[in-house]
Amino acid sequence: MEVSTSIERTQFAEDVLRGLTSTPKQLSSRYFYDDEGSRLFIEIMGLPEYYLTRAEMKIFTEQTEAIYAAFVNGSDSLDLIELGAGDGTKTAVLIEHFLKRRLDFTYSPTDISQEANDALQARFRDKFPDLRIKPHTGDYFKVLESLRNGSDRRKVLMFLGSNIGNFSQEKALEFFRSIRSVLNANDRLFIGFDMQKDPRVIVRAYDDPLGVTAAFNLNLLRRINRELDADFDLTKFSHYAQYRPLECAARSFLISREKQSVTIKALDRSFDLEQWEAIFMEISQKYTHAMIEELASESGFAIETEFYDEENFYIDSLWRPI
Ligand code: AVJ
């Protein structure tokens with residue numbers, strides 16, 4: 001059971017207040033991942049329409065040695081740090097290979113969820129008894145600060161799963177710049193990007209016929225009901241996903257099917273929704289190669305090596321500080 005601290009809950013309440021008093025109304029996808037949300041996301045990763053996980057997994061299983069070689073690149077040891085590790089399935093493929101190669105390395109999964117970190121650690125201890133694992137729990141930015149050290153042991157930071165897609169372009173740039181500020185010249189950043197493709201393929205991935213993605217979005221309303229003592233009636237909302245090819249952006253919304261008022265007791269107020277009013281829930285940015293190059297150069301990196309899947313659906317890109 002996830003127990004959030006009162007500081008986290010206050011932050012959540014503040015963000016919900018800010019979002020529901022904004023025009024247009026919005027809620028942040030960073031709050032999707034309570035226990036039920038994390039479970040639903042695992043279910044999404046197994047859906048045939050959600051190609052992202054499979055594409056990245058294929059890159060990891062089919063190009064393991066090339067990824068290993070690019071990470072090591074002459075170093076005799078490294079610290080592998082994963083931001084937002086989740087269930088670590090993809091990383092397990094790399095770790096298994098690194099151990100087989102007898103590389104001297106540590107693995108530091110970092111996640112905002114203590115529960116996710118504990119579960120990952122238990123599973124990896126079991127699966128890889130020789131692995132040196134040092135999990136960090138907390139916000140990405142706090143974890144980054146703890147990485148600022150003078151050690152010249154090579155650090156490879158991984159940010160997989162196209163998690164970067166949930167950031168606006170501006171936030172993504174800010175994030176990469178703050179990573180850049182804690183890296184040494186010999187360190188590397190390894191990022192998973194979901195590429196621009198047939199818009200229909202993208203829309204299907206975010207609007208699956210079983211409605212798992214709809215449930216994943218609606219679950220945030222349930223979380224607000226539970227944690228902030230609200231009365232959202234989930235049956236009065238429907239999930240809507242779209243893709244805008246000119247911006248390469250997939251967005252999802254919850255649409256109020258009727259005119260209604262919702263009360264959030266923890267905020268001591270009510271919010272009115274018009275019939276068909278949309279609450280903006282999530283951006284899942286897709287990328288062109290030019291966008292990736294621009295992000296890298298604007299944040300002080302150069303692209304060193306890239307790993308594509310065979311459909312060119314997805315890229316794992318290795319960046320070097322410049
Ligand atoms: C975890 C952010 C990569 O945007 O594709 C999946 C979350 N949202 N289905 C994504 C998500 C709807 C996912 N990321």
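This chain uses plain numbering: 1 for the first residue, then up along the sequence. Remember, it's 1-based here, ligands and their atoms both numbered in the order they're listed.
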Please check whether Y206 reaches ligand 1 - meaning an N/O of the residue sits under 3.5 Å from an N/O of the ligand, judged on distance alone. yes

Among protein heavy atoms, which lies nearest atom 4 (O) of ligand 1, and at what distance? S284 OG, 2.6 Å

Nearest-neighbour protein heavy atom for atom 7 (C) of ligand 1, which is reported as residue plus atom name and distance: E282 OE2, 3.4 Å

Please state whether Y50 comes within less than 4.0 angstrom of ligand 1, counting heavy atoms only. yes

For T91, side chain to side chain contact (heavy atoms under 4.5 Å, CB included) partners two or more places apart: E82, I95, Y107, M158, L160

Considering D207, N163, L47, which one's heavy-atom position lies nearest to atom 1 (C) of ligand 1? N163

Quick check with a 6.0 Å cut-off and a 45 degree axis cone: is R223 positioned over the face of F12's six-membered ring? yes

Nearest atoms (heavy-atom pairs only) where V93 meets F60: CG1-O, 3.6 Å

In ligand 1, which numbered atoms sit nearer than 4.0 Å to a non-hydrogen atom of S162? 3 (C)

Y68 pairs by ring-ring contact (aromatic ring centres under 6.0 Å, His included) with which of F98, F105, F307? F98

Given the rule in the salt bridge (charged side-chain N to carboxylate O under 4.0 Å, His left out) test, do K155 and D79 qualify, once you have shown the distances and angles that lead to the verdict? CA-CA 5 Å; K155 292 192 285 290; D79 291 323; over 6 Å; no

Provide the number and element of each atom of ligand 1 under 4.0 Å from a heavy atom of F41. 1 (C), 6 (C), 7 (C), 13 (C)

Verify salt bridge (charged side-chain N to carboxylate O under 4.0 Å, His left out) between R226 and D229, making sure each step is shown before the conclusion. CA-CA 5 Å; R226 185 182 65 242; D229 201 0; over 6 Å; no

contact_flag G161 ligand 1 heavy-atom lt 4.0 Å: yes

Touching ligand 1 at all, F167? Heavy atoms, strictly under 4.0 Å? no

Among Y314, Y51, Y287, which residue satisfies the side chain to side chain donor-acceptor pair (under 3.5 Å) criterion with D194? Y51

On a heavy-atom basis, I'd like to know which of I164, N166, D194 is closest to atom 2 (C) of ligand 1. N166

Under 3.5 Å between some N or O of ligand 1 and some N or O of Y33? no

Hphob cluster co-occupancy, I283 + V201, side-chain heavy atoms under 4.5 angstrom: no

